[in-house]
Number of protein chains: 2
Amino acid sequence: MNLKSPGDRTSRPLTDYPRPSVAVDTALLTLDADHRLVVLQVRRNSGRGWALPGTFLHKGERLADAVNRSLQTKANVRGLRPHQLQVFDDPARDDRGWVLSVAHIEVVRADQLASRFTETTRLMPVEQPGRLPYDHADIIVQAVEHIRARYADDPDPDRLLGEEFTLRELRLAHEAVIGESLQRDSFRRAMEPKLVATGATTTGGRGRPAELFRRADG
Amino acid sequence: MNLKSPGDRTSRPLTDYPRPSVAVDTALLTLDADHRLVVLQVRRNSGRGWALPGTFLHKGERLADAVNRSLQTKANVRGLRPHQLQVFDDPARDDRGWVLSVAHIEVVRADQLASRFTETTRLMPVEQPGRLPYDHADIIVQAVEHIRARYADDPDPDRLLGEEFTLRELRLAHEAVIGESLQRDSFRRAMEPKLVATGATTTGGRGRPAELFRRADG
DNA sequence: TAAATAGTGTCTCTCAGACACTATGTC
DNA sequence: GACATAGTGTCTGAGAGACACTATTTA
C-alpha cells in the first residue's frame, strides 16, 4: 500500500482513494407545549415508520448546510446552528453500501417549528422516541447527553427560549432539558449572576408579576 | 434534486451520490519525562516540517482502525482507543480535492512510545506545538480541551499511568494534563474515594514511602 | 378575602482551599 | 541529626439544599 497521508501534498490524484458516501442525521430538539424535551421525526419515504431527518452530503457542501437542507426539505423547518455529535462508521451499518453518517444535534425554539409539515413529521419525547432505524436511537441519547451538559451551568445556552424570559420560564426549560425538577430558590441564585434584568415585568399572569431577564453574554 | 435520505431504503445505487475522500488525523498525547503533556508529530513525507499522523480511510475500514494503522505505519506506535473529536468539512481545506478529515485523540502511556521512530517523529508540548499544516493546531486545542474535561473529576481515566501508582504520581499526571498545579491535600481527598489501596508501598524513594493505589472502577 | 406566583432571609451541611501538624523513610 | 516526602487534623469561606417568610398580583 502506498497511500500518502492527508498531511502530505503529493501529485497522486485523490480519485485513487476509496470514497464512502457521507450522510448527515439530525436530532432536532425543542420543547413542546407541556414543557417536555421532544425530538423531531419524519415519515420515511419508503417503508413504514419514522426516522430522524437526514440526507446525503452534496458535492462541496458543508455538513451544517446539509443538515439545514434536510430539515428544510423534509420538515419545512429552518434550523440554525447544528453541532456535530459523532461519526457512525460501521461499514455494515447500511446494507446498501459503504455509508458514513455524521450525527448532529440542533436545538430550536418551539415557534421555529410552527411551519413544519403536519402529516409527515412528529415530535416525540426524547425518553420515548418510538421505534427508529439505524443508529437513530443512539443519536438521540447522545444529543440528550450533549444538551444536558450544556444546560448544567448556563442559562438556556441553546436558546430554547427567546431573548427575554422570566426565571420561571427559564427553570421550566432547564427542568425539561435535564429531566428532573430544580429547586426554585437555588436555581435563581445560580442563574441570576449570568442574567441581566430588563426592568420590564410580566403582566396578566396569575400571581405576582415576574421580572424579565436577558442572558448576560448577549 | 431527488436524492433519498440515508434513512430510506431505496433501490437507487449509492454510486449515484457524490463521495468525498475521508481522512483521519490524530493528536496522540502522552507525558514526557518532565511530566509535561506532549503531542506526537511525524515528519511530512513530502515537503519540510511536521504534522499530526494521519491517513486516508481504506475501503470498509473503521475510523479507529485507520487511526491505529496510521500510528503504526508512521510512528511505529501501537495505539489503543482513539476517540473522535470533530469532522473538518471545509470543502476548500485541502487544495487537492474534496477531503473530509475526522480528527481523533488518543492517549497512551509514555512507555508505549518507546518503540517510536526517532528520526521521523517528535514529541512537542501541547502549548507550543510548533508550526503545523491544515487544521492540526485546532485539533490539538480540541484534544487538550477533551482530556482536561475528562481529568477534572476522575483519577487518570485515560491511563497515562499504569494500573498502580502513588498519589504523587497521579497528581503530577493531573497537573500536566490540566496545566496548573493542584493542592496536595485537596487532591488526595478528592481522589481517594475513587481509588483502592493495594497494600503495597513504594520503596527506595527519598522520603516516607507512599501507598500504591489502583483505580476503583478497574 | 383566598389563591397563586415572585422574590428573599437564613440555617445547615458539604466541600475546596489553606495551613499546620505528625509519620516515616533516606542521607 | 537534617531533609524530604506521605498522610491527616482542622479552620474558614463559599455555595447548594431546604425551609419559611414576605411581596404583589388576579379572581
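The shown structure was predicted, so the numbers you read here are calculated from the model rather than taken from an experiment. Just so it is clear, the values below take in all heavy atoms, side chains as well, and ignore hydrogens, waters and symmetry mates. Sequence lines set the chain letters: A, B, ... in the order given, protein chains first and strands last, and positions in each chain run from 1.
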Subject >> Inter-residue atom distance B:Leu182.CG - B:Phe187.CZ, 0.5 Å rounding >> reply: 6.0 Å
Original post:
Under a 4.0 Å N-O cut-off, is there an ion pair linking A:Arg214 with A:Glu163?
Top reply: no
Original post:
Using a distance-only test with no angle check, is there a side-chain donor-acceptor pair under 3.5 angstrom linking A:Tyr134 and A:Asp25?
Top reply: no
Subject >> Heavy-atom donor-acceptor pair, B:Arg189 side-chain to D:dG9 base, under 3.5 Å >> reply: yes
Original post:
How do B:Arg184 and B:Ala190 order along DNA chain C: which one's closest nucleotide is nearer the 5' end?
Top reply: B:Ala190
Original post:
Less than 4.0 Å between a side-chain N and a carboxylate O, is that true for B:Arg215 and B:Asp158?
Top reply: no
Original post:
So, B:Asp111 and B:Arg109, do they make that salt bridge, N to O below 4.0 Å?
Top reply: yes
**OP:** To the nearest Å, give me how far apart CZ (B:Arg188) and P (C:dG17) are.
**Re:** 17 Å
Original post:
How long is the line joining CE of B:Met191 and P of D:dA6, in whole Å?
Top reply: 16 Å
Original post:
Any ion pair linking B:Arg69 and B:Glu61 (charged N to carboxylate O, less than 4.0 Å)?
Top reply: yes
Determine all donor-acceptor pairs shorter than 3.5 Å in which one atom belongs to a side chain in residues 201-208 of chain A; sequence neighbours excluded.
{"from": "A:Thr202", "atom 1": "OG1", "to": "A:Ala210", "atom 2": "N", "distance (Å)": "2.8"}
{"from": "A:Thr202", "atom 1": "OG1", "to": "A:Ala210", "atom 2": "O", "distance (Å)": "3.4"}

Subject >> Close residues, residues 165-178 of chain B, relative to DNA chain C [heavy-atom separation under 4.0 Å] >> reply: none
Original post:
Going by atom types alone, do A:Thr121 and A:Arg116 pair a side-chain donor with an acceptor below 3.5 Å?
Top reply: yes
**OP:** Rounded to the nearest angstrom, tell me the gap between atom CZ in B:Phe213 and atom C1' in D:dG7.
**Re:** 9 Å
**OP:** For DNA chain D, find the residues of residues 196-211 of chain B with a heavy-atom distance under 4.0 Å and give them by number; none if there aren't any.
**Re:** B:Arg206, B:Gly207, B:Arg208, B:Pro209, B:Ala210, B:Glu211
**OP:** Take atom CZ of B:Phe187 and atom P of D:dG7, then tell me their distance rounded to the nearest Å.
**Re:** 13 Å
Subject >> Between P of C:dC15 and CD of B:Gln183, the distance in whole Å >> reply: 17 Å
Original post:
Whole Å only: how far is the CD atom of B:Glu192 from the P atom of D:dG9?
Top reply: 11 Å
**OP:** Measure the CZ-CZ distance between A:Phe165 and A:Arg171 for me, rounded to the nearest 0.5 Å.
**Re:** 14.0 Å
